[in-house]
Protein chains: 2
Amino acid sequence: MARTSFQGEIPKEQIEVCPVTGTQNVIAGKWKIIILWHLKETKRFGELQRLVPGISKGILTSQLRELENDQMIRRKVYQEVPPKVEYSLTDAGKSFIPILESMGEWGKKYAISKKDVR
Amino acid sequence: MARTSFQGEIPKEQIEVCPVTGTQNVIAGKWKIIILWHLKETKRFGELQRLVPGISKGILTSQLRELENDQMIRRKVYQEVPPKVEYSLTDAGKSFIPILESMGEWGKKYAISKKDVR
DNA sequence: CTGTATCCTTGCTGATACTG
DNA sequence: CAGTATCAGCAAGGATACAG
């Protein structure tokens, strides 16, 4: 299968040169973009897991935690039994949605049917 | 150091749900965004290596090849001695620049000074 | 239901040496 | 100058079992 991943963090000097790097550091993570996409509407943990097929609870948790640390999403816990947790976008997260939309539009035009060529 | 990487490719089904995924598959790669950024102007291999501190020839080559396969950049070889190779953006690549600019703007506002918190 | 803890696997990154 | 080939290391992703 084609490789599209990356590992490690980009040095800070690069952020000066190319501010996009800072953004990249936030959205890097295999599922973060998809998660943000779905969180345009507030969703519960279980919903997210269902919406993102193939993701395990552990990974979903870690991605959510990182997004939370980056202040992209908010985590609201309802003290009930059974537990209920809702995730929603922060202002920063919301402000990123237009970029996701742009990326989606671009992807429809250019990124489809290019895979499996290598 | 904080982790921001990811590994593996996102399943195709997800592309239907979230077209951004296709875009993500193209720009994922530790240095691809920086490379595209610099390629707003045509550059030679050596220039790129100098502009992106810390990247090795091997990695730079592989990232360039993947971008080429994804038809984001064009590779022009001058049959000379010593060899000369120029890289430039394709139309698809150029059309992605505005998104990079948006990401840069967003990054300046939201992505700075959030690191090293985890 | 929503996690946490642990271990394992994958494969990208990066370095080095070599080539046209 | 612009690569290619090879190898090693390690971080991220993933699975499973357990917990509040």
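In the text below, chain A, chain B and the rest are named by the order of the sequence lines, each starting its count at 1.
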### Query
Is B:R44 near enough to D:dA2 that one of its side-chain N or O atoms lies under 4.0 angstrom from OP1 or OP2?
yes

### Task
Verify the contact: side-chain N or O of A:Q49 to OP1 or OP2 of C:dC1, cut-off strictly under 4.0 Å; return yes or no.
no

### Task
Figure out the NZ/P separation between B:K84 and D:dG3, and round it to whole Å.
13 Å

### Query
OP1 or OP2 of D:dG14 sitting under 4.0 Å from any side-chain N/O of A:K30?
yes

### Message
If I take atom CD in residue A:E47 and atom P in nucleotide C:dG3, what distance separates them, rounded to the nearest angstrom?
### Response
13 Å

### Query
Using a cut-off of less than 4.0 Å, is there contact between a side-chain N or O of B:W31 and OP1 or OP2 of C:dC12?
no

### Task
May I have the distance from A:L48 (atom CG) to C:dG3 (atom C1'), rounded to whole angstrom?
13 Å

### Task
With the side chain of B:V85 defined as its heavy atoms from C-beta on, choose the nearest nucleotide among D:dG3, D:dG13, C:dA15.
D:dG3

### Query
Cationic tip of B:K40 within the cone over B:W37's six-membered ring, i.e. under 6.0 Å and within 45° of the normal?
yes

### Task
State whether A:E47 and A:R50 are salt-bridged, where the test is any N-O pair (Lys NZ or Arg NE/NH1/NH2 against Asp/Glu carboxylate O) under 4.0 Å.
no

### Query
If you check every side-chain atom of B:P83, which of D:dC1, C:dT13, D:dG3 has the closest atom?
D:dC1

### Task
Go through the steps to decide whether B:L39 and B:I73 satisfy the test side-chain contact (heavy atoms from CB on, under 4.5 Å), and finish with yes or no.
CA-CA 8 Å; B:L39 283 183; B:I73 63 175; 3.7 Å; yes

### Message
What's the closest nucleotide to the side chain of A:F45 if the choices are C:dC1, C:dT4, C:dT2?
### Response
C:dT2

### Full working for side-chain contact (heavy atoms from CB on, under 4.5 Å) between A:L36 and A:M72
CA-CA 8 Å; A:L36 288 174; A:M72 295 293 284; 3.9 Å; yes

### Task
Take atom CZ of B:R75 and atom P of D:dT4, then tell me their distance rounded to the nearest Å.
7 Å

### Query
Base, sugar-phosphate alone, or nothing: which one does B:Y87 contact when heavy atoms must sit under 4.0 Å apart?
sugar-phosphate

### Query
Atom CD1 of A:I59 and atom P of C:dT6: how far apart are they, to the nearest Å?
16 Å

### Atom-to-atom span, CG of A:L64 to C1' of C:dT4 - whole angstrom
14 Å

### Message
Can you tell me which nucleotide in D:dT4, D:dG14, C:dT2 comes closest to the side chain of A:S56?
### Response
D:dG14

### Query
Atom CD1 of B:I27 to atom P of C:dC12: distance rounded to whole Å?
17 Å

### Query
In terms of the angle between their ring planes, are B:F45 and B:Y87 parallel, tilted or perpendicular, with boundaries placed at 30° and 60°?
tilted

### Between D:dG13 (P) and A:L60 (CG): distance, integer Å
12 Å

### Query
Considering only D:dG13, D:dG3, C:dC1, which nucleotide approaches the side chain of B:K57 most closely?
D:dG3

